[in-house]
Amino acid sequence: HIEGLKAVVSTQSTGVSTLPRSVPNALPSGWVPPPTSLPDLPYFVWRNLDQTLPVEHKESSEFNRYTQISKIEGDIEALRSDVEKFLDDDTIPVVASDITGTITCLGWRAFEIKRWLQLQGF
(Lines give C-alpha, C1' and ligand atoms only; values in the text may rest on other atoms or scores of the structure.)
Protein backbone atom coordinates (compact mmCIF):
# COMPACT_ATOMS: atom_id res chain seq x y z
CA HIS A 1 0.00 0.00 0.00
CA ILE A 2 2.60 2.53 1.08
CA GLU A 3 4.92 1.74 -1.83
CA GLY A 4 2.17 2.74 -4.27
CA LEU A 5 1.60 6.01 -2.40
CA LYS A 6 5.31 6.80 -2.38
CA ALA A 7 5.54 6.12 -6.11
CA VAL A 8 2.66 8.51 -6.83
CA VAL A 9 4.11 11.20 -4.55
CA SER A 10 7.61 10.91 -5.98
CA THR A 11 6.41 11.14 -9.58
CA GLN A 12 4.11 14.10 -8.97
CA SER A 13 5.21 17.62 -8.21
CA THR A 14 3.52 19.14 -5.20
CA GLY A 15 0.83 21.54 -6.26
CA VAL A 16 -2.92 21.79 -6.53
CA SER A 17 -2.85 21.67 -10.33
CA THR A 18 -0.91 18.38 -10.37
CA LEU A 19 -3.07 16.36 -7.95
CA PRO A 20 -4.02 12.97 -9.41
CA ARG A 21 -7.74 12.27 -9.83
CA SER A 22 -7.59 9.31 -7.43
CA VAL A 23 -5.41 7.94 -4.66
CA PRO A 24 -4.13 4.33 -4.63
CA ASN A 25 -6.37 1.99 -2.57
CA ALA A 26 -9.26 4.47 -2.64
CA LEU A 27 -12.76 2.98 -2.49
CA PRO A 28 -15.43 4.11 -4.99
CA SER A 29 -16.76 6.49 -2.33
CA GLY A 30 -13.36 8.24 -2.26
CA TRP A 31 -12.47 7.00 1.25
CA VAL A 32 -8.86 5.91 1.64
CA PRO A 33 -7.97 3.43 4.40
CA PRO A 34 -5.31 4.53 6.88
CA PRO A 35 -1.74 3.53 5.99
CA THR A 36 -0.13 0.53 7.62
CA SER A 37 3.06 2.46 8.44
CA LEU A 38 3.78 6.03 9.48
CA PRO A 39 5.21 8.54 7.00
CA ASP A 40 8.75 9.78 7.68
CA LEU A 41 7.82 13.42 8.31
CA PRO A 42 8.39 15.75 11.31
CA TYR A 43 4.61 15.98 11.84
CA PHE A 44 1.62 13.65 11.98
CA VAL A 45 -2.10 14.18 11.36
CA TRP A 46 -4.29 11.80 13.34
CA ARG A 47 -7.53 10.57 11.82
CA ASN A 48 -10.98 11.02 13.37
CA LEU A 49 -12.78 8.12 15.07
CA ASP A 50 -14.53 7.32 11.77
CA GLN A 51 -11.07 7.13 10.10
CA THR A 52 -11.52 10.30 8.03
CA LEU A 53 -8.93 13.07 7.89
CA PRO A 54 -9.64 16.04 10.20
CA VAL A 55 -9.85 18.67 7.46
CA GLU A 56 -13.05 20.71 7.55
CA HIS A 57 -14.71 23.67 5.93
CA LYS A 58 -15.86 26.30 8.43
CA GLU A 59 -17.43 29.76 8.48
CA SER A 60 -16.73 32.53 10.96
CA SER A 61 -19.30 34.94 12.29
CA GLU A 62 -18.12 37.49 9.73
CA PHE A 63 -18.98 34.98 6.96
CA ASN A 64 -15.35 34.28 6.17
CA ARG A 65 -15.00 30.80 4.76
CA TYR A 66 -11.92 28.88 5.78
CA THR A 67 -10.45 25.38 5.95
CA GLN A 68 -9.07 23.97 9.18
CA ILE A 69 -6.74 21.02 9.77
CA SER A 70 -6.81 19.66 13.31
CA LYS A 71 -5.33 16.74 15.30
CA ILE A 72 -1.76 17.67 14.39
CA GLU A 73 1.18 16.29 16.33
CA GLY A 74 4.82 17.21 15.95
CA ASP A 75 6.26 20.17 14.06
CA ILE A 76 3.15 22.19 13.21
CA GLU A 77 5.24 24.90 11.50
CA ALA A 78 6.70 22.33 9.09
CA LEU A 79 3.19 21.20 8.15
CA ARG A 80 2.07 24.83 7.75
CA SER A 81 5.00 25.45 5.45
CA ASP A 82 4.28 22.32 3.41
CA VAL A 83 0.57 23.23 3.08
CA GLU A 84 1.56 26.74 1.98
CA LYS A 85 3.93 25.31 -0.66
CA PHE A 86 1.25 22.87 -1.81
CA LEU A 87 -1.41 25.57 -2.22
CA ASP A 88 1.17 27.66 -4.12
CA ASP A 89 -0.86 30.86 -3.88
CA ASP A 90 0.51 33.92 -2.09
CA THR A 91 -3.01 35.32 -1.67
CA ILE A 92 -4.09 32.44 0.62
CA PRO A 93 -2.88 33.01 4.19
CA VAL A 94 -1.99 29.79 6.04
CA VAL A 95 -1.82 30.21 9.83
CA ALA A 96 -0.70 27.67 12.45
CA SER A 97 -1.79 27.76 16.08
CA ASP A 98 0.40 25.90 18.58
CA ILE A 99 -2.21 26.41 21.30
CA THR A 100 -5.11 24.73 19.48
CA GLY A 101 -2.94 22.44 17.33
CA THR A 102 -4.66 23.54 14.14
CA ILE A 103 -3.77 25.05 10.78
CA THR A 104 -6.21 27.42 9.09
CA CYS A 105 -6.24 28.71 5.53
CA LEU A 106 -8.65 31.11 3.90
CA GLY A 107 -11.14 29.61 1.47
CA TRP A 108 -12.67 26.18 1.08
CA ARG A 109 -9.70 23.96 0.26
CA ALA A 110 -10.59 20.76 2.19
CA PHE A 111 -10.84 18.52 -0.87
CA GLU A 112 -7.39 19.46 -2.17
CA ILE A 113 -5.75 19.33 1.27
CA LYS A 114 -7.29 15.93 2.09
CA ARG A 115 -6.10 14.49 -1.21
CA TRP A 116 -2.60 15.92 -0.60
CA LEU A 117 -2.49 14.47 2.95
CA GLN A 118 -3.55 11.07 1.61
CA LEU A 119 -0.74 11.19 -0.93
CA GLN A 120 1.69 12.09 1.88
CA GLY A 121 0.74 8.85 3.64
CA PHE A 122 -1.84 9.98 6.22
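Annotation for Cys105 and Ile113: closest pair SG-CD1, 3.9 Å, computed over non-hydrogen atoms. Closest approach of Phe86 to Glu112, counting heavy atoms only: CZ-O, 3.5 Å. A pairwise comparison of heavy atoms in Val45 and Leu117 identifies CG2-CD2, 4.2 Å as the closest pair.
Every residue meeting the side chain to side chain contact (heavy atoms under 4.5 Å, CB included) condition with Ser60, not counting sequence neighbours, appears here in chain and number order: Glu62, Asn64, Tyr66. Looking at residues two or more places apart in sequence or on another chain, you find no salt bridge (charged side-chain N to carboxylate O under 4.0 Å, His left out) involving Glu73.
Between Gln120 and Pro39 there is no side-chain heavy-atom pair separated by less than 4.5 Å. No side-chain heavy atom of Phe44 sits under 4.5 Å from any side-chain heavy atom of Ile72. Residues Arg109 and Trp116 fail the side-chain proximity criterion, which asks for heavy atoms closer than 4.5 Å. Ile76 is listed as a side-chain neighbour of Ile103, based on a closest heavy-atom distance under 4.5 Å. Considering only heavy atoms from C-beta on, Phe122 comes within 4.5 Å of Tyr43 through its side chain.
Applying the salt bridge (charged side-chain N to carboxylate O under 4.0 Å, His left out) test to every pair with at least one member in residues 44-58, sequence neighbours left out, gives these pairs: Glu56-Lys58.
Between Arg80 and Glu77 there is a salt bridge, with a side-chain nitrogen of the basic residue lying less than 4.0 Å from a carboxylate oxygen of the acidic one.
With hydrogens and angles ignored, the 3.5 Å screen pairs no side-chain donor or acceptor of Thr67 with any backbone N or O of His57.
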Please tabulate, for side-chain N and O atoms in residues 90-98, each donor-acceptor pair with protein atoms closer than 3.5 Å (sequence neighbours left out).
residue : atom : partner : partner atom : Å
Thr91   : OG1  : Asp89   : OD1          : 2.6
Thr91   : OG1  : Asp89   : OD2          : 3.2
Ser97   : OG   : Thr100  : N            : 3.3
Ser97   : OG   : Thr100  : OG1          : 3.0

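Residue Leu79 holds its CG atom at 9.0 Å from CG of Leu41, rounded to the nearest 0.5 Å. Interatomic distance, Leu53 CG to Gln118 CD, rounded to the nearest 0.5 Å: 5.5 Å.
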Determine whether Lys71 and Asn48 satisfy the following criterion, side-chain contact (heavy atoms from CB on, under 4.5 Å), listing intermediate values before the conclusion. CA-CA 8 Å; Lys71 298 191 175 187; Asn48 294 324; 3.2 Å; yes

